[in-house]
Amino acid sequence: MLSMGITLSPSDFVRVGKRPNAVFLQFGLCYLMMPILSLILGLAFRLDPGMLAGMVLVGSINGGQASNLCTYIAKGNVALSVLMTTATTLGAIFMTPLLCKGILGTVVPVDAVGIAMSTIQVVLAPIVVGMSANKFFPKAVKKLLPVTPLIGIFATCMLVGSAVAQVADPILNAGLRLQFPVMLLHLVGGLVGYFLPRLMGFGEVASRTMAIETSMKSSAFGFLLAKLHFGQASARVPSAVSVVWMALTGSILAVVWRYIPVKQEKAFDRGLVEKYPPFSAKRFLRKFAVWKK
């Protein structure tokens with residue numbers, strides 16, 4: 001989060017306001033579609049209450065920073081990807097505790113206040129520190145920027161290894177009954193994240209970006225929240241499994257799309273309405289009818 005924070009400035013949040021359609025749609029996919037999908041999959045595969053809670057937690061957390069790299073590989077809009085990651089990361093401060101308490105409050109003990117406090121400590125504080133460093137020490141930050149992605153990747157790898165190692169036995173014992181729903185969560189999320197924007201009139205580049213952002217969750221952060229604030233130890237297992245499937249799904253989508261050409265636009269500097277046209281129910285129904293045929 002700190003490595004993201006030092007790349008941000010207040011102007012980045014102004015840019016979010018200039019591209020509201022795509023950012024709001026992806027925010028909805030992240031915090032509405034994915035939690036519901038995770039709950040449906042968990043119930044369909046008859047996961048025990050602890051693992052069901054872990055599944056919903058994975059669906060209710062923010063997008064991961066690795067999505068920015070996969071978006072670049074997929075020839076998506078990296079700037080838009082960063083804006084979406086920022087929006088869902090900040091949204092996690094209130095959306096993740098709200099969703100977990102609302103959906104899981106009667107399934108397993110959930111410390112919603114603790115989740116909110118941990119989210120502020122792990123997400124908001126590093127971002128604020130990073131933005132402050134970028135503002136007051138720009139020269140030092142500029143020197144650090146080339147190595148921060150490597151530090152972020154190394155830290156993520158350590159978190160992934162640690163998460164999987166801590167629950168290796170429960171992962172093996174759960175078998176395919178856990179692997180399939182977690183894999184489907186990321187795969188179906190990515191496909192919906194692509195085809196829904198296309199049906200709504202968004203361009204190919206924006207749709208690829210939203211697909212990868214929706215598919216790739218911050219699973220390591222989910223593992224931390226499950227470890228600290230969920231009443232059952234098994235709740236952390238889906239997050240550990242998700243770490244692997246999230247990376248595989250996002251990487252596969254990125255590599256596939258890299259070799260599918262994107263139609264060049266007539267002009268580089270298009271208007272915002274042309275880039276992200278407002279939602280039209282008539283256009284959506286017409287495209288849906290054609291797709292259905």
Over all atoms of both residues, closest heavy-atom pair of [X] and [Y]:
X	Y	answer
Ser239	Gly54	OG-O, 4.5 Å
Leu57	Cys100	CD1-SG, 3.6 Å
Leu253	Gly190	CD1-CA, 4.3 Å
Met84	Val23	CE-N, 4.2 Å
Thr89	Gly63	OG1-O, 4.1 Å

When you measure from the side chain of [X] to the backbone of [Y], do you find a donor-acceptor pair of N or O atoms at a distance under 3.5 Å?
X	Y	answer
His186	Ser215	yes
Arg198	Phe202	yes
Ser81	Asn77	no

Please tabulate, for the side chains in residues 30-46, all donor-acceptor contacts under 3.5 angstrom to protein atoms that are two or more places apart in sequence or on a different chain.
unit_1 : atom_1 : unit_2 : atom_2 : d
Tyr31  : OH     : Thr88  : O      : 2.5
Tyr31  : OH     : Ala92  : N      : 3.2
Ser38  : OG     : Met34  : O      : 3.2
Ser38  : OG     : Pro35  : O      : 2.7

Contact between Met200 and Phe195 at the side-chain level, heavy atoms closer than 4.5 Å - yes or no?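 The answer is no; the side chains never approach within 4.5 Å.
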
Please report whether the ring centroid of Tyr194 lies less than 6.0 Å from that of Trp257.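 That pair passes the under 6.0 Å test.
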
Could Lys75 and Glu204 be called an ion pair, given the rule that one side-chain N must be under 4.0 Å from one carboxylate O?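 Salt bridge absent between Lys75 and Glu204.
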
